[in-house]
Amino acid sequence: MDNELVLVIDFGGQYNQLIARRVREHNIYCEVISYKTPVSEIKSRNPKGIIFTGGPNSVYLETSPKMSKEIFEIGVPILGICYGAQFLVYGLDGVIGKANENAAAEFGRTECEFNTDSPVFDGLRTRSVVWMSHNDYIEKLPEGFKAAGHSIKCPYAAIENREKKFYGVQFHPEVNHTEQGKEILGNFLYKVCGCKGDWTMESYAKTAIAQIREKVGSGKVLLALSGGVDSSVACALLSKAVGKQLTCVFVDHGFMRKNEGDEVEAAFKDWDINFIRVDASNRFIGKLEGVSDPETKRKTIGEEFIRVFEEEAKKIGRVDYLVQGTIYPDVIESGLGDAAVIKSHHNVGGLPDYVDFKEIIEPLRLLFKDEVRKLGAELGLADYLVWRQPFPGPGLAIRIIGEITREKLRILQDADLIFREEIANAGLDRSINQYFAVLTNMRSVGVMGDGRTYDYTLALRGVTTTDFMTADFARIPYEVLEKASVRIVNEVKNINRVVYDITSKPPATIEWE
């Protein structure tokens, strides 16, 4: 890859992904690497700049993560954030102290004053709110450094050594709570590192297509297509690269949203690929007859999916390459250095042994979710697939509480479609990160047409989130909820009550099952 590179060196901070995303939002390519990475390897990659992340440790403790002082001698601009700023000071023979009566710990919203003569604060307001989170503080600066910002409790909220192009901030510019954080990072990237901003999805697509063609040659490629954003974009990219050498197997388990199986098939019918749609709905519904436990539902569907995929793959014959829709958060969450393993990354979990492939192709492994969507748009993928709502693998099976029947599935598909239509009609489909309907197993008394009813209660769910690890319930306007509710009880037979879920995650999860 010939793009400019900024390296984010992870010291165990909780915002390492977010820092990388913020850098890429400035059209600059970056990667997150461990602090254990050899300095020689870092230097060989010729980065335009380096960012040290935060971390939960005290830098003066022997067990805390540190790098060789050689990192300060490679002639690359450095920005230290929180723990990263303290490591910058400590590594250059400054002093880091424990919070005391002279310099107290700071957490959360804090007002700072900046020296706007500093390149990283150029053009910013002199005073603004930042997000602090530190127990330690910079007690004595290394030689050649001076203060570039302060708060009431923190005399060195920002520091600089302009000659060496070393900068540090005690706060977190990458979080939204820091009012001018985007501008601070932008100043470091463009005014200190001299970046031009050459990271675009157009250039990425061209490079990725060329690399795939070179790797695959005349080989055959197989992709399990779910219709989700990641697999759909991977399919579009491989189609541009190798055309008919790609076979996509779309297993329709019958728990898709209304018309969604047809939409997925229609989206790829004109692509230069071998597209196989397997209608296994009867098979899956039969397997779940009498099953009400959510974990059993998930495991049954997951296992059956593999069995169907096995059967279809046998019909294709020898496959040289398998496509995996891995994206960059999967790589990071597998754990870097001493960072916590959030989710172990398995290249091909549970795939059958008989698929004899040379290599796994992961064309999206460098991209965040928002970049995957941009790439999909760049490749001409249908808009409704690019912006498809996050959808669990088991589909509507885990949005029907209790036992699944064809009648319940019909009810939920119809109601969910109405809710999604009204969200789109209100122009909220891009601002609410996930929204859907849940058919509860509860019935209640109602009245329709002067007659008594005893029908199902439908729950509506909408959340806003940046990472899906935590989420807040979406403040959907009452008039939008009212329109959806009126339509659902009038147009969908067997529903007489609609409720809205106002629980955040935690304590709830986003899905009900």
Side-chain angles (χ1 to χ4, degrees), residues 5-24 30-39 41-42 45 47 49-72 76 78-92 94-99 105-108 130-138 154 156-159 166-178 181 184-185 188 327-345 368 466-470:
L5 171 66
V6 170
L7 292 175
V8 176
I9 298 182
D10 177 35
F11 286 97
Q14 60 179 314
Y15 298 127
N16 53 16
Q17 274 196 47
L18 190 54
I19 295 170
R21 285 192 61 185
R22 293 292 181 254
V23 173
R24 292 194 187 183
C30 77
E31 290 183 17
V32 181
I33 64 173
S34 169
Y35 71 92
K36 296 179 180 179
T37 305
V39 174
E41 181 180 325
I42 293 172
R45 300 193 65 185
I50 290 172
I51 299 176
F52 294 154
T53 74
N57 301 283
S58 293
V59 72
Y60 45 77
L61 298 178
E62 188 176 336
T63 56
S64 296
K66 301 178 185 71
M67 298 185 73
S68 164
K69 288 189 177 184
E70 293 174 0
I71 192 68
F72 304 118
V76 175
I78 295 174
L79 173 65
I81 295 175
C82 199
Y83 178 92
Q86 293 171 8
F87 170 70
L88 179 65
V89 169
Y90 186 83
L92 292 169
V95 179
I96 302 299
K98 191 73 175 173
E106 292 175 303
F107 296 95
V130 302
W131 195 257
M132 292 280 195
S133 181
H134 64 97
N135 276 310
D136 296 327
Y137 76 104
I138 299 169
C154 185
Y156 299 122
I159 60 173
F166 292 165
Y167 295 84
V169 292
Q170 189 60 77
F171 53 88
H172 289 275
E174 71 274 19
V175 302
N176 290 331
H177 303 292
T178 296
I184 292 169
L185 287 173
F188 173 72
I327 63 176
Y328 200 41
D330 297 330
V331 177
I332 296 175
E333 288 172 355
S334 297
L336 286 168
D338 294 340
V341 176
I342 300 170
K343 177 178 62 179
S344 294
H345 171 58
F368 288 103
T466 57
D467 56 11
F468 290 89
M469 302 298 291
T470 61

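Note that the coordinates shown come from a computational prediction; the quantities given were computed from them, not determined experimentally.
For the side-chain contact (heavy atoms from CB on, under 4.5 Å) test with Phe72, the passing option among Ile50, Ile78, Val39 is Ile78; the others fail. Remark: of the listed residues Val76, Leu185, Ile51, Ile51 is the sole one forming a side-chain contact (heavy atoms from CB on, under 4.5 Å) with Val6.
Using a 4.5 Å cut-off on side-chain heavy atoms (C-beta onward), Val95 and Val89 make no contact. With a 4.5 Å cut-off on side-chain heavy atoms, Leu79 and Phe52 do not count as touching. Inter-residue side-chain proximity for Ser58 and Ile96 is flagged as unmet; no heavy-atom pair is nearer than 4.5 Å.
How far OG1 of Thr53 is from CZ of Phe87: 11.0 Å, rounded to the nearest 0.5 Å. Arg45 contributes atom CZ, which lies 9.0 Å from atom OG1 of Thr37 (distance to the nearest 0.5 angstrom). To the nearest 0.5 Å, atom CG of residue Leu7 and atom CD of residue Glu31 are 7.0 Å apart.
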Steps toward side chain to side chain donor-acceptor pair (under 3.5 Å) verdict (Asp10, Ser34): CA-CA 5 Å; Asp10 177 35; Ser34 169; over 6 Å; no

Report task. Output, in order, the C-alpha distance, side-chain angles, deciding distance and verdict of side chain to side chain contact (heavy atoms under 4.5 Å, CB included) for Leu92 and Leu88. Result -> CA-CA 6 Å; Leu92 292 169; Leu88 179 65; 4.0 Å; yes

ask   = Stepwise, does the side chain to side chain contact (heavy atoms under 4.5 Å, CB included) test hold for Glu70 with Ile42?
value = CA-CA 11 Å; Glu70 293 174 0; Ile42 293 172; over 6 Å; no

(request) Kindly determine whether Ile33 and Val8 satisfy side chain to side chain contact (heavy atoms under 4.5 Å, CB included), including the steps that lead there. (result) CA-CA 6 Å; Ile33 64 173; Val8 176; over 6 Å; no

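Closest of all the heavy-atom pairs between Gln86 and Tyr137 is NE2-N, 4.2 Å. The shortest non-hydrogen separation linking Cys82 to Gly54 is CB-CA, 4.2 Å. Of all heavy-atom pairs between Gln170 and Tyr156, the closest is CB-O, 4.2 Å. Between Tyr35 and Lys66, the shortest heavy-atom contact is CD1-O, 3.4 Å. When every heavy atom of Gly168 is checked against every heavy atom of Ala85, the shortest pair comes out as CA-CB, 4.0 Å. Listed here is the closest heavy atom pair of His172 and Val175: O-CG2, 3.3 Å.
In this pair, Tyr83 and Phe11 present their aromatic rings tilted. The plane angle is within the 30 to 60° band.
Side-chain contact annotation: Asp136 with Tyr60, donor-acceptor N/O pair under 3.5 Å present.
Ion pairing between Glu174 and Arg21 fails under the 4.0 Å rule for side-chain N and carboxylate O.
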